[in-house]
Asks: 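I have a structure here, written as structure tokens, and I will follow up with some questions on it.
For the single chain, residues carry numbers from 1 onward in sequence order. What you see is a predicted model, and the numbers here were worked out from it, not measured in a lab.
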Amino acid sequence: MVEILAIASVIAPVTSGVVQAVKSATGVNKRYLPVMAMAVGIGLGAAAFFVDIGLGERVWAGGISGLASVGLFELSKKSKGDEK
């Protein structure tokens, strides 16, 4: 479990950056951003072949990083005062 959380915390900022880049490039609806973040996180987790854990654990870490990246974005948005 420690490995999963460690990988998720490394992947989360990358996931957040990728989601923001896709959002600005495509103009995807804000409503689908958490789902897109999960998908991007799972993809990045599965692609983390340099880690010594199995594919299932990497996918879980990617999913957690996707959810964490949504939380990171919401936290930074609220701290900047960009609330509705």
Side-chain angles (χ1 to χ4, degrees):
M1 187 65 174
V2 173
E3 294 90 3
I4 292 173
L5 293 176
I7 294 168
S9 50
V10 169
I11 296 174
V14 177
T15 303
S16 182
V18 170
V19 168
Q20 292 305 312
V22 170
K23 183 178 103 172
S24 65
T26 61
V28 69
N29 191 346
K30 291 181 184 181
R31 178 171 159 175
Y32 300 115
L33 288 179
V35 175
M36 188 173 67
M38 276 282 284
V40 168
I42 288 172
L44 288 173
F49 58 87
F50 52 86
V51 182
D52 289 342
I53 62 174
L55 179 64
E57 289 87 0
R58 292 191 319 240
V59 168
W60 272 106
I64 292 169
S65 75
L67 293 175
S69 71
V70 172
L72 284 173
F73 175 73
E74 290 297 324
L75 182 67
S76 68
K77 186 171 82 170
K78 288 184 181 178
S79 67
K80 289 180 185 175
D82 293 340
E83 296 180 35
K84 287 185 176 178

Asks: Could you pull out the closest heavy-atom pair between S9 and P13, with the gap in Å?
Replies: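 So the two residues come closest at O-CD, 3.4 Å.
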Asks: Which atom pair, heavy atoms only, marks the closest approach of I64 to A8?
Replies: CG2-CB, 3.7 Å
Asks: Can a donor-acceptor pair be found, under 3.5 Å and without considering hydrogens, that links the side chain of S16 to the backbone of A12?
Replies: no
Asks: Looking at A37 and V70, what are the two nearest heavy atoms and their distance?
Replies: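 For A37 and V70, the tightest heavy-atom pair comes out as CB-CG2, 3.5 Å.
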Asks: Which distance, rounded to the nearest 0.5 Å, do you find between the CE of M36 and the OG of S69?
Replies: 9.0 Å
Asks: Between S65 and I11, which heavy-atom pair has the shortest distance, and what is it?
Replies: OG-CG2, 3.4 Å
Asks: Tell me whether the count of non-hydrogen atoms from other residues, nucleotides or ligands lying under 6.0 Å of CG in D52 goes above 12.
Replies: no
Asks: Would you say L33 and V35 are hydrophobically clustered, going by side-chain heavy atoms of ILVMFWY under 4.5 Å?
Replies: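 Different clusters.
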Asks: Distance check, rounded to the nearest 0.5 Å: I7 atom CD1 versus F50 atom CZ?
Replies: 7.5 Å
Asks: Would L44 and V10 show up in the same hydrophobic cluster when neighbours are defined by side-chain heavy atoms closer than 4.5 Å?
Replies: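 No: no chain of side-chain contacts under 4.5 Å links L44 to V10.
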Asks: Which heavy atom of T15 sits nearest a heavy atom of G66, and at what distance?
Replies: CG2-CA, 4.0 Å
